[in-house]
Peer 1: 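The following block contains the structure, expressed as structure tokens.
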2 protein chains.
Amino acid sequence: MSSSRATLIEVAKLAGTSKTSVSRFFGPERDKLSSVLQSRIEQAAQSLGYQPNLMARGLKGGGSRLLGMLVADIRNPFSVAIVHGVELAARAHGYSLIVCNTDNDPEQEQKHLASLAAYQVEGLIINAAGQPEPQLQALMKGGIPLALLDREVRQLDAKVIGLDNVLAIDMALDHLVQQGYRSVLYVSETPEHASARLERLKRFNQQAEALGLDSQTLVLSSLAEHSAIPILKAFAEHPTTVPKAVLCANGNATLAMVRSFQHLGLAMGPLGLIGIDELDWCELVLPGITTLAQPTDVIGHAAIACLLNQFPQRARELPVQYRHPPTLITRGSTTFPG
Amino acid sequence: MSSSRATLIEVAKLAGTSKTSVSRFFGPERDKLSSVLQSRIEQAAQSLGYQPNLMARGLKGGGSRLLGMLVADIRNPFSVAIVHGVELAARAHGYSLIVCNTDNDPEQEQKHLASLAAYQVEGLIINAAGQPEPQLQALMKGGIPLALLDREVRQLDAKVIGLDNVLAIDMALDHLVQQGYRSVLYVSETPEHASARLERLKRFNQQAEALGLDSQTLVLSSLAEHSAIPILKAFAEHPTTVPKAVLCANGNATLAMVRSFQHLGLAMGPLGLIGIDELDWCELVLPGITTLAQPTDVIGHAAIACLLNQFPQRARELPVQYRHPPTLITRGSTTFPG
DNA sequence: ACCTACCTTGGGAACGTTCCCATTTAGATT
DNA sequence: AATCTAAATGGGAACGTTCCCAAGGTAGGT
């Protein structure tokens, strides 16, 4: 017995059959074998502790059973939740996932894309950091299914899966209006490289006007984190008779705003606060932060389904929903006193 | 020009040389080639957009350049921070990382381990959920380097990398004592399957006694989340003259305790609170939660170094530190008024 | 009894790479 | 000038699998 892993041929020899039959046993053609042979192979494989070598399988057109995923920021809890959903779904369909984190760096993104291609992934789920259109175009031409997560890539004909941004903004504004707020400050990270941010911002401007709200926007720059504080201060102190609220476009914006609220000693509620993305701590920061939670598992599942539908051999289409509705979680931060 | 990916042979043909030379160009023997040939190959590869097929390479003993990582709970922000650190280090050494999440389920763990083996990973970083000793034993015998993260596996002769648990508990208790607290409730998730939890608990009992503290422990069960509340209540209301504090063994325990504090209307500070693991929101929950931050990037780096040192061909040893000291971040939750 | 058809099984090539070894060429030493 | 050594290059086998096609066997229909 060698210390190294057993191969197909060794199993075949032990079972007194050919490598082809053993190969069939581990593939989708198992039932073409007689039950006698099946059990002989099963026993031999068991006793050798045989495990198919997926590298070899990947080489000879059998498919690598690998999916690649590119995440812009793995330290964002929301991204992690999505990764978790995608992994669950991938596993359920017999695929493994290579997760690569780009830290929002287009250069890293290029490198990761190259190495994922080198691993012959059968599909790619991409939460783009930059606009890697040329590489993705090439991969698509090579027949690799793609699904974009949350952010579209210009000029690229691939589906985008994510939150229903229009609905999310509408729900947030409806809730604020219903709670009595009439003036809203919209806070977002820089929208340039993320289409979801752009969609939300655009809809905010549009809908705030339609509802006749007093509106203002604040774009956070990661470079000058503290530049947000004077703007929030000005917004909070601006003399007006109507109740005011802050709407945060994602979890990071919410985090930055809560820090700013505390820095300025502002109370949540009197000055409203609502954020897209539900995070662990939103219920802990008193009086609790109202959020719109994204259905992360569902989104992950949809991304995999979208990929699977693009496989040529697949017979029936799995249903895929591209835009997903959030869930409103109401807490104290959007209760105007009195 | 085919739509499929270019191969070594096509590059060789275009460059007017042999596949061996092209192979050398992309391997570690590049400088054995004359500079003329090198530039010819470089140009040919460029123009065909050639990318080595890592599956084929992995097959013929060239190494898959893949590392596998098993994470017990990917939704724990601390785990993610470690993954991030490991990924950074892996990438820096030219390896890619397959991250598998076991959701603390030993059965999932077995499956993932099998599939990582099938992908011919060259090394494994394992944050164990159960005690997968037999499989790991087999992998080690097969020559696959292992590094354990945070949790040891019984009977397995592999290095464990993680926090210096003894030091962490000592630092926490020293800080509490220094702040005037004399009675401590230690809160941990169930320590059965995680050696780090066990080490911390053991050291707590030992050191609390050495320091002459009034001590008590509370083991959280994920099944009965609310069972913690009456115990905390009893601890808080127990009549005594000395200041009391709660020490949380990890981020999850801290989260549960903060929820319980709020549920019971307890103020942090008068009843002290300190936790191991630094999280985004610890500064946001007023008056701020004192924590011991783990050096996650450093730990990730150490894990990779540990792996690399086990590769047979490697000449010099990289220095590896197995136990890492935390950093104390002092906030209001451990300030006793007056 | 024979042909046809199907079901089961096995042999061989191919996938794209790396590695071993053989060959060529050039430079150095006697 | 002849030989030796080292460097540069190429040819072929091997890695473990899947897929194509062929071969043998068993039935069913004529």
Side-chain angles (χ1 to χ4, degrees), chain A residues 2 4-41 44-45 48-66 115 117-120 122 142-143 313, chain B residues 2 4-41 44-45 48-66 115 117-122 142-143 312-313:
Chain A
S2 131
S4 168
R5 308 250 315 277
T7 78
L8 204 54
I9 305 216
E10 297 177 272
V11 175
K13 213 177 298 176
L14 183 61
T17 179
S18 73
K19 57 188 164 51
T20 307
S21 295
V22 179
S23 171
R24 276 199 253 268
F25 181 80
F26 286 98
E29 304 182 88
R30 174 178 304 198
D31 34 345
K32 285 198 175 174
L33 301 177
S34 68
S35 55
V36 201
L37 189 52
Q38 278 192 41
S39 63
R40 268 212 328 268
I41 293 175
L48 289 175
Y50 170 72
Q51 277 267 340
N53 180 332
L54 294 199
M55 290 280 167
R57 174 182 304 196
L59 187 54
K60 186 57 210 293
S64 64
R65 299 306 247 170
L66 268 182
S115 82
Y119 283 117
Q120 316 288 108
E122 294 187 56
Q313 77 278 16
Chain B
S2 127
S4 170
R5 309 252 314 277
T7 78
L8 203 53
I9 305 216
E10 298 177 271
V11 176
K13 214 178 300 177
L14 183 62
T17 179
S18 72
K19 56 189 163 50
T20 307
S21 296
V22 181
S23 172
R24 277 199 253 267
F25 181 81
F26 286 98
E29 304 182 88
R30 174 179 305 200
D31 34 345
K32 286 199 176 177
L33 301 177
S34 69
S35 55
V36 202
L37 190 51
Q38 279 192 41
S39 62
R40 265 206 341 260
I41 293 175
L48 289 176
Y50 171 73
Q51 278 267 338
N53 180 332
L54 293 198
M55 289 280 166
R57 174 182 304 198
L59 186 54
K60 185 57 209 289
S64 63
R65 299 307 247 171
L66 268 183
S115 83
Y119 283 117
Q120 315 288 110
V121 293
E122 294 188 57
Q313 78 279 15

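In what follows, chains are A, B, ... by sequence order, proteins preceding strands, each numbered from 1.
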Peer 1: Round to the nearest Å and state the distance from A:Q51 atom CD to D:dC15 atom C1'.
Peer 2: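 Checked: the CD to C1' distance equals 18 Å.
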Peer 1: Applying salt bridge (charged side-chain N to carboxylate O under 4.0 Å, His left out) as the test, list every pair that has at least one member in residues 50-66 of chain B; sequence neighbours left out.
Peer 2: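 Qualifying pairs, neighbours excluded: none.
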Peer 1: Tell me which residues in residues 13-26 of chain B lie within less than 4.0 Å of DNA chain C, going by non-hydrogen atoms.
Peer 2: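 Contacting residues: B:K19, B:T20, B:S23.
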Peer 1: List the residues meeting side chain to side chain contact (heavy atoms under 4.5 Å, CB included) with B:S23, not counting sequence neighbours, and say none if there are none.
Peer 2: B:L8
Peer 1: Please give, in whole Å, the distance from D:dT17 C1' to A:N53 CG?
Peer 2: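 It is 8 Å, rounded to the nearest whole Å.
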Peer 1: Any donor-acceptor pair under 3.5 Å linking the side chain of B:E122 with the backbone of B:S64?
Peer 2: yes
Peer 1: Round to a whole Å and report the spacing from CG of A:L8 to P of C:dG10.
Peer 2: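 A:L8 atom CG is separated from C:dG10 atom P by 12 Å.
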Peer 1: Would you give the length of the straight line joining atom NZ of B:K19 to atom CD of B:E10, rounded to the nearest 0.5 angstrom?
Peer 2: 14.5 Å
Peer 1: Using the test side-chain hydrogen bond (donor to acceptor under 3.5 Å, both in side chains), find all partners of A:R40 that sit at least two apart in sequence or belong to another chain.
Peer 2: none
Peer 1: Expressed in angstrom and rounded to an integer, what is the separation of A:Y119 atom OH from C:dG16 atom P?
Peer 2: 18 Å
Peer 1: Under the side-chain hydrogen bond (donor to acceptor under 3.5 Å, both in side chains) rule, collect the residues that match up with A:Q38, sequence neighbours excluded.
Peer 2: none
Peer 1: Do B:K60 and C:dT17 have a side chain to base donor-acceptor pair shorter than 3.5 Å?
Peer 2: no
Peer 1: Does a side-chain heavy-atom distance below 4.5 Å link A:M55 with A:L59?
Peer 2: no
Peer 1: Does some side-chain heavy atom of A:Y119 sit less than 4.5 Å from a side-chain heavy atom of B:L66?
Peer 2: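 A side-chain contact exists here, since the closest heavy-atom pair is under 4.5 Å.
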Peer 1: Quick one: B:I9 CD1 to C:dG16 C1', roughly how many Å, whole number?
Peer 2: 7 Å
Peer 1: Rounding to an integer number of Å, can you tell me how far B:M55 CE sits from C:dT17 P?
Peer 2: 13 Å
Peer 1: What is the distance from CZ of A:R57 to C1' of D:dT18, rounded to the nearest Å?
Peer 2: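 Answer to the nearest Å: 9 Å.
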Peer 1: Round to a whole Å and report the spacing from CG of A:L54 to C1' of D:dC15.
Peer 2: 15 Å
Peer 1: Can you pull out the residues from residues 31-38 of chain A that lie within a 4.0 Å heavy-atom distance of DNA chain D?
Peer 2: none
Peer 1: Could you state the interatomic distance from OG1 (A:T17) to CG (A:L37), rounded to the nearest 0.5 Å?
Peer 2: 4.5 Å
